[in-house]
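Small disclaimer: the values here were computed from a predicted structure and weren't measured. So that the names make sense, note that chain A is the first sequence line, chain B the second, and so on, each numbered from 1.
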Amino acid sequence: MEELSILLGKAIQKVTRLKGGGGSALPGLVVEHMDPQFIKKVLSELPMGVAVVSGTNGKTTTTKIVSELLEAQGLRVFTNRTGSNFVRGVISEIIEDISLTGKFDYDIAVLELDEAHAVRFLEACDIDYALLLNVQRDQLDRFGEIDHTAELLQKVAENARKACVLNREDPRISQIRTAHPVWFGLGEDLLSAFPSDDDLIVSEGPKVSELPSSVTLESLNGQEGVFCIDGEAYSCRMELKGIYNAYNAAGALALCLSILPEAETEDLIHALSGIHSAFGRGESLQIGGRDVELYLVKNPSAFMLGLASFADEAHDFMIAINDEYADGRDVSWLWNVDFSRLAHVKVVTGIRASDMALRLKYEGCRVDVIEEDIGQALRKLTAEGDAPCRIFATYTAMLEIRRQISGKSIL
Amino acid sequence: MTINILHLYPREMNLYGDHGNVLALKQRAIWRGFDVKVIEHHVGDPIPKDIDIIFGGGGQDSGQVKIEEDLRANGDALKAKIEDGTPSLVICGLYQLFGRYFLTSEGKEIRGIGIFDAVTVAGSERLIGNIVIQSERFGEVVGYENHSGLTMPGEGAKPFGTVLKGAGNNGSDGTEGIMYRNCIGTYLHGPILPKNPAVADFLLLEALKRKDPSIAALQPLDDTLEMEAHRSAASRPR
Ligand SMILES: [Zn+2]
């Protein structure tokens with residue numbers, strides 16, 4: 001049965017590729033129907049099991065950090081790209097990697113799990129480890145309410161058989177109950193740099209957690225972070241940019257140490273120093289001879305963390321806001337972002353450029369150019385001056401920026 | 001002159017960017033040379049006497065539960081202010097609780113403070129999307145709605161507007177919101193005031209008139225960007 005599923009899945013994959021279907025979920029759909037136990041059978045044979053990374057912000061980069069840290073320890077790691085239907089997407093990727101005889105040559109799976117797909121995935125598959133990053137407001141028109149998200153993550157935690165790594169500074173994550181909790185946290189000095197979602201508008205000041213933390217990000221100076229791991233301080237100069245990426249790295253280290261308790265901490269820190277952000281999470285590009293960093297912003301907390309990390313005067317800023325379905329149709333959330341750190345934005349663009357410009361007007365922030373067309377906007381951003389640029393963009397605006405760059409219309 | 005804005009439950013009722021409404025009122029007053037003081041009303045606080053504008057936003061269900069009792073305890077004080085003509089704006093969750101009651105899907109009746117002659121019943125689907133309404137007083141008003149409660153205005157209740165695109169109060173009678181004296185209740189987030197400066201200026205002007213009857217109009221502002229954002233919002237698909 002399993003071999004037949006693989007054969008058929010691979011055949012469909014070939015056909016859809018020939019038709020230009022790219023990364024279609026069709027092979028996953030067919031295999032899922034033929035053999036509902038397929039994903040469970042394949043993943044349960046992995047010697048070190050299945051780890052999932054979930055939470056509102058930072059999943060993609062954190063999954064990448066965990067995978068690369070484990071690979072540096074010599075593990076063969078199966079990981080996923082995110083797609084529209086999670087279970088089918090994973091099946092399709094398994095089909096691609098598995099041999100016709102059912103040989104799936106990995107030690108562990110590290111999967112980025114969207115909260116919205118969590119329940120369905122937990123029904124399909126057992127998990128051994130979970131890393132839960134945060135619960136923040138996403139586009140509320142799609143996923144419903146923040147308390148519901150916390151309940152979904154509670155279910156993930158209950159299903160993690162070996163360890164569940166939790167962000168002790170997130171008020172909703174720290175309340176999650178699980179049999180094998182491991183916490184990661186922030187040093188006291190960094191707490192105030194990290195607005196939790198409840199503090200977005202009304203601030204009561206950060207509270208110091210009583211929970212014991214296995215990995216703590218004690219300080220961050222530029223890209224030089226100090227992690228406290230089991231009572232010892234390790235300093236690490238990272239390629240990763242921004243405080244939230246550094247903090248997610250603390251969670252990733254805690255997860256890796258749960259999976260491989262024997263690993264040398266020094267080696268993990270060394271491997272961490274070479275890891276880069278995922279696409280759109282601080283990725284560096286060249287456009288028109290200028291250095292450009294791209295940051296995905298999909299909700300107030302991601303935007304505010306981005307601003308807290310990167311809103312310095314030495315850069316030219318562009319903000320690109322679209323309101324397509326994948327971005328969330330409702331742009332109200334822009335008004336929940338505190339833009340007071342930004343004094344000057346060179347270009348605002350995207351379908352809702354005027355909304356963004358209006359938001360900045362009421363914050364007293366100067367905007368030079370309002371240009372709905374993203375291609376034109378990129379040209380205007382990079383036309384004059386030589387300062388490095390920083391772009392904050394919603395999801396489809398980010399895709400359009402990438403299309404513009406790879407289409408060579410700018411370069 | 002200082003305009004005192006009472007912001008109801010900013011901690012619990014602050015979803016969907018409604019904080020931007022307070023910011024719009026504040027900036028549009030400051031740009032005209034007035035001072036503004038925003039007084040946050042939290043559960044347990046008394047309603048201060050010296051209030052010129054009342055504002056309250058929407059929240060998730062858990063937030064609504066936390067404030068219900070406090071709202072009812074202050075119902076008479078708020079009612080007196082609104083009967084007296086205090087300009088007010090309540091959105092979504094607080095709009096519902098400014099009505100007579102909210103009937104939940106479990107059949108539980110949550111009593112409101114009865115400023116609006118309206119009742120709200122839990123609906124089976126969420127009414128979500130861009131919305132455009134026509135208001136007698138303010139012309140075209142744009143926003144974004146996101147609610148499952150269906151609000152039924154009573155016989156004598158005056159709607160805030162009629163729906164051009166979207167669902168409005170209940171998705172069936174074509175009405176959106178309610179206006180009673182100078183108090184506007186509506187489902188429009190977006191937030192509503194920055195993109196609909198006529199509504200913001202109405203609240204400010206009524207507040208100023210009550211403080212100084214010699215004030216008849218507000219100094220005009222350059223609203224080019226406001227109207228650009230308004231047009232862009234109105235043109236977007238539901
Ligand atoms: Zn609402």
Side-chain angles (χ1 to χ4, degrees), chain A residues 135-151 172 197-204 299-300 303 321-325 327-340 348-365 367 370-372, chain B residues 7 9-28 30-31 40 42 57-63 91 126-130 142-146 148 188-195 197 200 222-233 235-238:
Chain A
V135 181
Q136 285 154 340
R137 288 168 198 197
D138 213 322
Q139 298 98 344
L140 289 136
D141 47 338
R142 282 199 303 168
F143 294 136
E145 298 174 344
I146 185 166
D147 294 337
H148 179 60
T149 309
E151 285 164 24
R172 290 182 179 81
D197 204 66
D198 288 333
D199 300 331
L200 287 182
I201 302 300
V202 186
S203 179
E204 292 159 323
N299 49 42
F303 212 147
I321 304 294
N322 277 356
D323 68 348
E324 301 292 0
Y325 179 77
D327 303 295
R329 285 246 179 260
D330 187 4
V331 293
S332 303
W333 65 274
L334 293 173
W335 294 81
N336 272 356
V337 179
D338 177 0
F339 287 99
S340 57
V348 294
T349 184
I351 298 162
R352 298 301 284 267
S354 53
D355 263 88
M356 188 62 231
L358 189 63
R359 172 69 189 96
L360 293 172
K361 173 180 174 179
Y362 279 83
E363 195 75 50
C365 171
V367 175
I370 304 169
E371 168 58 68
E372 273 189 36
Chain B
H7 187 178
Y9 314 110
R11 203 174 286 149
E12 293 83 4
M13 308 299 270
N14 68 351
L15 283 188
Y16 313 114
D18 289 325
H19 157 76
N21 290 318
V22 176
L23 189 61
L25 288 172
K26 196 170 153 182
Q27 294 290 50
R28 298 181 71 81
I30 290 171
W31 290 334
E40 296 186 346
H42 297 292
Q60 60 201 63
D61 295 350
S62 63
I91 314 232
R126 243 183 140 69
L127 306 171
I128 300 182
N130 288 303
V142 296
Y144 193 94
E145 62 182 323
N146 186 348
S148 54
L188 270 61
H189 302 287
I192 181 174
L193 295 184
K195 282 193 279 280
D222 176 1
D223 284 336
T224 316
L225 193 52
E226 281 77 355
M227 295 324 291
E228 194 43 57
H230 178 112
R231 268 189 298 279
S232 136
S235 74
R236 296 301 295 152
R238 174 102 169 119

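- Test A/Asp355, A/Val331, A/Asp323, A/Leu358 against B/Ser232 for side chain to side chain contact (heavy atoms under 4.5 Å, CB included) and you get one pass: A/Asp355.
- We find the OG-CG distance between A/Ser332 and B/Asp18 to be 7.0 Å, quoted to the nearest 0.5 Å.
- Expressed to the nearest 0.5 Å, how far NZ of A/Lys361 lies from OG1 of B/Thr224 amounts to 7.0 Å.
- In this structure, chain A has no heavy atom under 4.5 Å from any part of B/Arg231.
- The minimum heavy-atom distance between B/Gly20 and A/Trp335, with the atom names listed, is CA-CE3, 3.5 Å.
- The candidate from B/Arg236, B/Arg28, B/Lys195 with the greatest count of non-hydrogen atom pairs under 4.5 Å with chain A is B/Arg236.
- Of the listed residues (B/Pro237, B/Gly143, B/Gly129), the one with the most heavy-atom contacts under 4.5 Å to chain A is B/Pro237.
- With a 4.5 Å cut-off on non-hydrogen atoms, B/Asn21 does not touch chain A at all.
- For A/Ile351, the parts sitting under 4.5 Å from any heavy atom of chain B are the backbone and the side chain alike.
- Put simply, CG on A/Asp330 and CG on B/Asn130 are 7.5 Å apart, with the number rounded to the nearest 0.5 Å.
- Checked against the 6.0 Å centroid criterion, the rings of A/Tyr362 and B/Trp31 qualify as a close aromatic pair.
- Rounding to the nearest 0.5 Å places CZ of A/Arg359 at 5.5 Å from CG of B/Leu23.
- Atoms OG and CE, on A/Ser354 and B/Met227 in that order, are 11.0 Å from each other to the nearest 0.5 Å.
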